[in-house]
Each structure stands twice: as C-alpha cells, then as structure tokens.
Peer 1: 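This is the structure I want to talk about, given as structure tokens.
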Amino acid sequence: MLDIRTLRENPDAARAGAIKKHLPDRAEAVDRALAVDTELRGLVPTLDAMRSEQKNAGKQLGKLAPEEREAFLAVQKEKKVELHKLEEREKRLKHQLEEELMLVPNIPDAEVPEGKDDTLNVEVRKWGVPTKFDFEPRAHYDLGEAQGWLDFTRAAEMAGSRNYMLFGDLALLHDAVLRLAVELMVERGFTPIDPPLLVRDAAMLGTGFFPGGEEQTYRCEKDGLNLIGTSEVPVTSLHAGEMLKADDLPKKYVARSACFRREAGTYGKDTRGLYRVHQFQKVEQVIVDVADRDKSIEHHHAIVQNAEDLLQKLELPYRVVAVCGGDLGVPQAMKYDIETWMPSREHYGETHSASRFYDYQARRLNLRYRPKESKKPLFCHTLNNTVIASPRVLIPLLECHQNADGTVRVPAALQPLLGGREVLGRAL
RNA sequence: GGAGAGGUGCCAGAGCGGCUGAAUGGGCUGGUUUCGAAAACCAGUGUGUGCGCAAGUGCACCGGGGGUUCGAAUCCCCCCCUCUCCGCCA
C-alpha cells in the first residue's frame with residue numbers, strides 16, 4: 001500500500017494512478033481514505049489529552065486523603081466512559097483507513113504506457129524471428145495428442161475443464177525445462193526455495209492479491225487457506241514482519257512450485273490446449289532489496305534478462321513488451337511481459353511477467369530493513385519475474401521445434417537433462 | 001485429535017497490578033586507550049504517531065482481539081503461533 005502521507009501530499013498522483021490503471025472505483029478509495037484520515041487526525045489530539053489526564057490522575061490517587069478518594073474515583077469513572085466512546089470511534093476509523101488504503105493501487109511509473117488492455121502494450125525489443133515452416137506445422141495439442149503425450153479429454157472428465165495430463169517424453173520435457181530454469185538461477189546466485197502452496201490471507205493481502213483477487217483464487221474455507229497462484233506470494237512473504245540487516249540485502253530467491261488459478265470469467269477464452277489451465281508449474285524469481293528506486297529499476301532489467309537468457313537457451317523467439325496502465329495489476333509500479341512466439345496462435349503469447357513494486361508490497365507485509373547510514377528502518381523494495389512456466393512454455397517448445405514428421409527437436413541446452421536425446425517422439 | 005509449556009525491544013532474556021517503554025547481557029553508534037587493531041572502560045541506542053525550526057514533548061505499542069480496573073506487559077476470555085509428551089499417519 002501507499003503511505004498515507006503520499007496520499008495527503010499528493011492525492012492527485014494517487015487518483016491519476018488508479019485512472020491510468022483503468023480502476024476508477026479504486027480512485028475513489030483515495031478520497032475515502034483521506035476523509036477517514038482527516039476525521040482520525042481531528043480525533044487523536046483530543047484522545048491523547050484525555051488519556052494523558054487519566055494517567056496523571058491515577059498517579060495522584062495514592063496521595064489523596066481516604067475521604068477524598070470516593071469522589072475522585074466517581075469522577076474518574078465518568079471520564080472513563082467518555083474516553084471509551086471516543087476510543088471505539090478511533091478504532092473504527094483506523095480499521096476503515098486500513099481497508100481503504102489497501103484498495104488504493106500502487107502508482108504506475110511515468111514510463112508505463114497509456115492504454116486500457118494488453119492490446120496497447122508497447123513492444124520494447126524482439127529476439128529471433130517467428131519460426132518459418134516449409135510444411136504445415138501442427139498445433140501443440142494436435143501434435144501432443146498424436147504422440148500420446150497429452151490427454152485433455154480424460155483430464156477434463158476427472159478434474160473439469162482447463163485440465164491436462166502430460167505423458168511420456170512430454171512429461172519429461174516439462175520437468176527438464178523447469179530444472180534448467182532452476183539451475184540457471186542458482187548459477188546466478190539465487191537461493192532455491194520449495195515454498196508452501198497453501199497460505200493464509202495475510203500473505204495474499206500482503207502481496208496485493210487480496211482484496212480483489214479472491215475470485216481467481218482457490219480457497220480451502222475449512223482451514224482459511226488459499227492455494228497460491230504464484231510462488232511470489234509465499235516467497236515475498238518470507239520475511240514479512242522482519243527487520244532485515246542492510247548487509248543481508250539483496251535477498252534473491254528462486255522458487256519452483258505448482259500454481260493454481262480459477263480463471264473465473266475466462267469462459268470461451270483460450271479454450272484449446274495448454275495455454276490457459278487451472279494448474280501449472282512455475283519457477284519464479286524474487287528479489288528483496290533496499291529502498292532505492294534506481295536499484296529497483298536495475299534489478300528489474302536484470303530479472304527480465306535472466307528470463308530472456310533462458311528463452312535464448314531454449315532457442316525460442318520472443319519479444320519484450322512494456323505493459324500499459326490498464327493491464328497493470330493493483331500492486332505494480334511497472335511491468336514487462338515477455339511473449340514467446342506461438343505458431344498455432346500466429347502470435348506472441350505471454351509467458352513471463354516481470355514486476356517491480358518499490359515498497360508497495362513491503363509496506364503491506366511490514367517488511368523492513370535497517371539502513372547503514374540512518375538508523376530509521378525503511379520498507380524494502382520487492383520485485384519478481386517468471387523464469388519459466390510450464391506447460392505453457394511447452395506450446396512454443398513443441399510448435400517451434402517440430403519437424404515435418406511430427407518429431408520434436410530438443411534444443412542443445414535441454415539435451416543433458418533428457419539423457420542426451422536430440423529428438424523426441426516418433427515419426428507420425 | 002488429547003495433555004502441558006511458552007510468545008517481551010535488532011537478538012537473547014528478566015519482569016507477573018501503579019515507581020516499567022520495560023532490568024541484565026549481546027549487537028550497533030560515539031568516545032577513552034593504541035603506531036594500528038583486539039581487549040577493556042565510559043556514554044548513547046526501540047517502533048509508530050501527534051505538536052515543535054530545533055532541543056524537546058504528548059499518546060500508543062510487551063503475538064492478535066475483547067474484558068476487569070481509577071490504573072494492565074502483569075488478572076480474565078477468545079484466536080493465532082512455537083515447543084514438549086501421547087495418539088494417528090505419509
């Protein structure tokens with residue numbers, strides 16, 4: 001969340017930010033928060049004075065003559081009732097302020113392009129060229145089913161739509177690509193993590209998925225737990241409530257986990273194949289560092305580069321886009337997506353999402369560090385990016401690397417993880 | 001699931017109705033000492049928020065939320081978490 005002071009000093013920036021994100025109702029939260037804040041600030045001095053008086057009165061009690069005591073206590077009792085009423089109101093206002101503040105989106109950076117949805121994202125750069133075929137290429141679902149690698153029918157039968165099962169070499173490829181991603185990141189100094197998949201609301205709220213993302217989240221109501229849609233949630237929450245040492249920063253983590261998404265409201269969208277599914281595996285990179293905007297931007301570029309390097313090892317053409325305001329999430333200040341070429345879609349399809357938050361998440365998570373120079377604790381900055389998400393990345397892997405006979409070429413980087421094999425599948 | 005023990009500042013750990021925002025130790029900062037360092041010694045050092053140019057000062061905060069009381073870190077209730085034992089189980 002934003003600092004209430006930011007709202008007081010520059011409410012227009014917060015409002016404009018929500019508008020740029022095409023969240024007009026969230027812009028209204030700015031004004032509601034400020035109204036509550038004003039009321040609260042009017043109340044507090046009165047309350048402080050009353051409490052101060054009460055405290056001192058208590059200390060004087062012992063000095064009083066016994067016959068004076070009874071009258072004194074009667075007066076104190078009355079004052080207590082009055083104080084209690086005001087304290088109730090203070091409590092309500094504080095809760096309200098917290099609620100409204102949680103609704104106010106992070107302010108998008110100036111460099112975030114204007115636009116209402118992903119069609120207005122702006123291409124930043126491209127690597128490789130969309131694959132050309134001298135034969136009729138197959139879509140991954142046709143290829144996969146023909147090879148006996150994929151079964152959507154039975155998966156849907158037992159688990160509902162948007163489910164899949166991977167078999168044989170495709171199951172191995174899926175695992176190999178995830179392992180390659182983890183290896184690359186560990187080489188680059190990231191600490192591997194296997195995180196919890198079920199988390200409390202605090203983690204969802206802290207990372208900015210709640211309020212707002214409840215409909216996208218599978219919830220285990222019996223235990224009050226939520227299945228994560230990304231390991232960003234448990235990993236960024238790792239140090240919630242802590243006071244980190246400046247010397248221990250930056251923290252760089254890479255987590256591999258299953259991810260679960262309800263995909264509510266996407267009926268009829270991307271219904272075929274492995275593109276939009278309820279459950280997938282993702283390797284995610286997370287950085288927690290000091291509160292320095294330039295450093296955050298630097299990290300941001302670095303984590304995008306990490307993902308690009310992996311895609312290049314996988315020999316997949318991709319492009320990087322700067323995500324526009326309307327396609328930006330509530331907590332993000334700036335986001336790059338990486339889109340990988342998917343022949344069956346005849347388009348680049350989103351495979352990665354790299355966000356920087358500055359201190360927006362850290363503030364919600366109460367994630368702080370003690371800077372070296374000043375002694376005042378500051379909120380950390382957080383960032384994250386996909387390293388790889390599978391099976392979605394299997395779409396370009398199968399489709400771009402397919403041969404005319406239906407076999408699939410294995411990029412050199414993956415061969416050691418697949419027993420040295422250069423080709424998967426049989427001639428169809 | 002059953003039975004106990006506990007959650008206090010950056011960390012460890014006392015306190016168990018007012019004199020406690022909190023002993024003590026560690027850490028950290030500054031100083032003395034030293035050619036320099038270590039050690040030793042001295043001093044300072046919580047977080048948030050209000051007022052103030054500042055020095056300073058009011059208030060809140062001892063896992064979270066309620067309650068008792070003129071007054072709660074301390075007493076009572078609920079919840080969360082950690083640990084030990086028993087049961088169950090991968």
Peer 1: Where each pair must be Watson-Crick or G-U wobble with both distances under 3.5 Å, what dot-bracket representation of RNA chain B is obtained, with crossing pairs in [ ] and other-strand partners as |?
Peer 2: ((((((((.[[[..)..(.....]]]((((((.......))))))((((((....)))))).[[[[[..)....]]]]])))))))....

Peer 1: Let me know the distance between NE2 of H95(A) and P of G65(B), rounded to the nearest Å.
Peer 2: 7 Å

Peer 1: Could you tell me whether R261(A) sits above the aromatic face of Y218(A), with NZ or CZ closer than 6.0 angstrom to the six-membered ring centre and within 45 degrees of the axis?
Peer 2: no

Peer 1: Can you check whether R370(A) has a side-chain N or O nearer than 4.0 Å to OP1 or OP2 of G46(B)?
Peer 2: no

Peer 1: For E339(A), is there any backbone N or O sitting under 3.5 Å from a side-chain donor or acceptor partner on H352(A)?
Peer 2: no

Peer 1: Looking at residues at least two apart in the chain, or sitting in another chain, which of them share a ring-ring contact (aromatic ring centres under 6.0 Å, His included) with Y360(A)?
Peer 2: none

Peer 1: Can you tell me how far P in U49(B) sits from the matching atom in C86(B), rounded to whole Å?
Peer 2: 48 Å

Peer 1: When the C1' atoms of U32(B) and A39(B) are compared, how many Å lie between them, rounded to an integer?
Peer 2: 14 Å

Peer 1: Taking atom C1' in both G44(B) and C80(B), what distance in whole Å separates the two?
Peer 2: 37 Å

Peer 1: Taking CD from E53(A) and C1' from A60(B), how many angstroms apart are they, rounded to a whole number?
Peer 2: 18 Å

Peer 1: Extract all donor-acceptor atom pairs below 3.5 Å that involve side chains of residues 414-423 of chain A and protein atoms in other chains or at least two apart in sequence.
Peer 2:
| residue | atom | partner | partner atom | Å |
| --- | --- | --- | --- | --- |
| Q415(A) | NE2 | V410(A) | O | 2.9 |
| R421(A) | NH1 | D169(A) | OD1 | 2.9 |
| R421(A) | NH2 | D169(A) | OD2 | 2.8 |

Peer 1: Restricting to pairs with a member in residues 176-211 of chain A, which pass ring pair (Phe, Tyr, Trp, His ring centres under 6.0 Å), not counting sequence neighbours?
Peer 2: none

Peer 1: Would you measure the distance from the C1' atom in C85(B) across to the matching atom in C10(B) and give it in whole Å?
Peer 2: 34 Å

Peer 1: Identify whether the distance between the nearest side-chain nitrogen and carboxylate oxygen of D270(A) and R392(A) falls below 4.0 Å.
Peer 2: no

Peer 1: Should S52(A) be listed as having a side-chain N or O under 4.0 Å from OP1 or OP2 of G58(B)?
Peer 2: no

Peer 1: Got a sec: does the CD of E78(A) have more than 12 other heavy atoms crowding it under 6.0 Å?
Peer 2: no

Peer 1: Rounding to an integer number of angstrom, what distance separates G50(B) and U33(B) when you compare their C1' atoms?
Peer 2: 44 Å

Peer 1: Taking atom P in both A38(B) and G30(B), compute the distance separating them and give it to the nearest angstrom.
Peer 2: 12 Å

Peer 1: Rounded to whole Å, please give me the gap between CD in E90(A) and P in C61(B).
Peer 2: 10 Å

Peer 1: What salt bridge (Lys or Arg N to Asp or Glu O under 4.0 Å) pairs are there with at least one residue in residues 148-163 of chain A, not counting sequence neighbours?
Peer 2: D151(A)-R154(A)

Peer 1: Partners of K245(A) by side-chain contact (heavy atoms from CB on, under 4.5 Å), sequence neighbours excluded?
Peer 2: D248(A)

Peer 1: Just list the side-chain donor-acceptor pairs under 3.5 Å for residues 320-333 of chain A, sequence neighbours left out, or say none.
Peer 2:
| residue | atom | partner | partner atom | Å |
| --- | --- | --- | --- | --- |
| D327(A) | OD2 | N121(A) | ND2 | 3.2 |
| Q332(A) | OE1 | G329(A) | N | 2.7 |

Peer 1: Give me each pair satisfying salt bridge (Lys or Arg N to Asp or Glu O under 4.0 Å) with a member in residues 186-197 of chain A, each pair once, sequence neighbours excluded.
Peer 2: R188(A)-D309(A)

Peer 1: Nearest-nucleotide wise, let me know which of L47(A) and K245(A) is further upstream toward the 5' end of RNA chain B.
Peer 2: K245(A)

Peer 1: For G48(B) versus A40(B), give the span between their P atoms, rounded off to a whole number of Å.
Peer 2: 32 Å

Peer 1: Please report, rounded to the nearest Å, how far the C1' atom of A60(B) is from the CG atom of L93(A).
Peer 2: 16 Å

Peer 1: Measure the distance from NZ on K91(A) to C1' on G65(B) and round it to the nearest whole Å.
Peer 2: 9 Å

Peer 1: Which residues pass the ring-ring contact (aromatic ring centres under 6.0 Å, His included) test with H239(A), not counting sequence neighbours?
Peer 2: Y253(A)

Peer 1: Is there any protein nitrogen or oxygen under 3.5 Å from a nitrogen or oxygen in nucleotides 71-79 of chain B, and what are the pairs?
Peer 2:
none

Peer 1: Any protein N or O atoms within reach of nucleotides 48-51 of chain B? Criterion: under 3.5 Å, listing atom names and distances.
Peer 2:
| residue | atom | partner | partner atom | Å |
| --- | --- | --- | --- | --- |
| G48(B) | OP2 | K376(A) | NZ | 3.0 |
| U49(B) | OP1 | R5(A) | NH2 | 2.8 |
| G50(B) | OP1 | R41(A) | NH1 | 3.0 |

Peer 1: Which whole number of Å gives the distance between the P atom of G46(B) and that of C11(B)?
Peer 2: 14 Å

Peer 1: From the list G67(B), C81(B), C70(B), which nucleotide is the closest neighbour of the side chain of H84(A)?
Peer 2: G67(B)

Peer 1: Rounding to a whole Å, what distance do you find between Q76(A):CD and U68(B):C1'?
Peer 2: 17 Å

Peer 1: From CG of N366(A) over to C1' of U47(B), roughly how many Å is that when rounded to an integer?
Peer 2: 10 Å

Peer 1: Calculate the interatomic distance between M243(A) atom CE and G46(B) atom P; express it in whole Å.
Peer 2: 12 Å

Peer 1: Tell me which donor-acceptor pairs under 3.5 Å the side chains of residues 228-236 of chain A have, and how far apart each pair is, sequence neighbours excluded?
Peer 2:
| residue | atom | partner | partner atom | Å |
| --- | --- | --- | --- | --- |
| T230(A) | OG1 | E232(A) | N | 3.0 |
| T230(A) | OG1 | K282(A) | NZ | 2.7 |
| E232(A) | OE1 | N384(A) | ND2 | 3.3 |
| E232(A) | OE2 | Q361(A) | NE2 | 2.9 |
| E232(A) | OE2 | N384(A) | ND2 | 3.2 |
| T236(A) | OG1 | E232(A) | O | 2.7 |

Peer 1: Taking any heavy-atom pair under 4.0 Å as a contact, classify K55(A): base, sugar-phosphate, or nothing.
Peer 2: sugar-phosphate

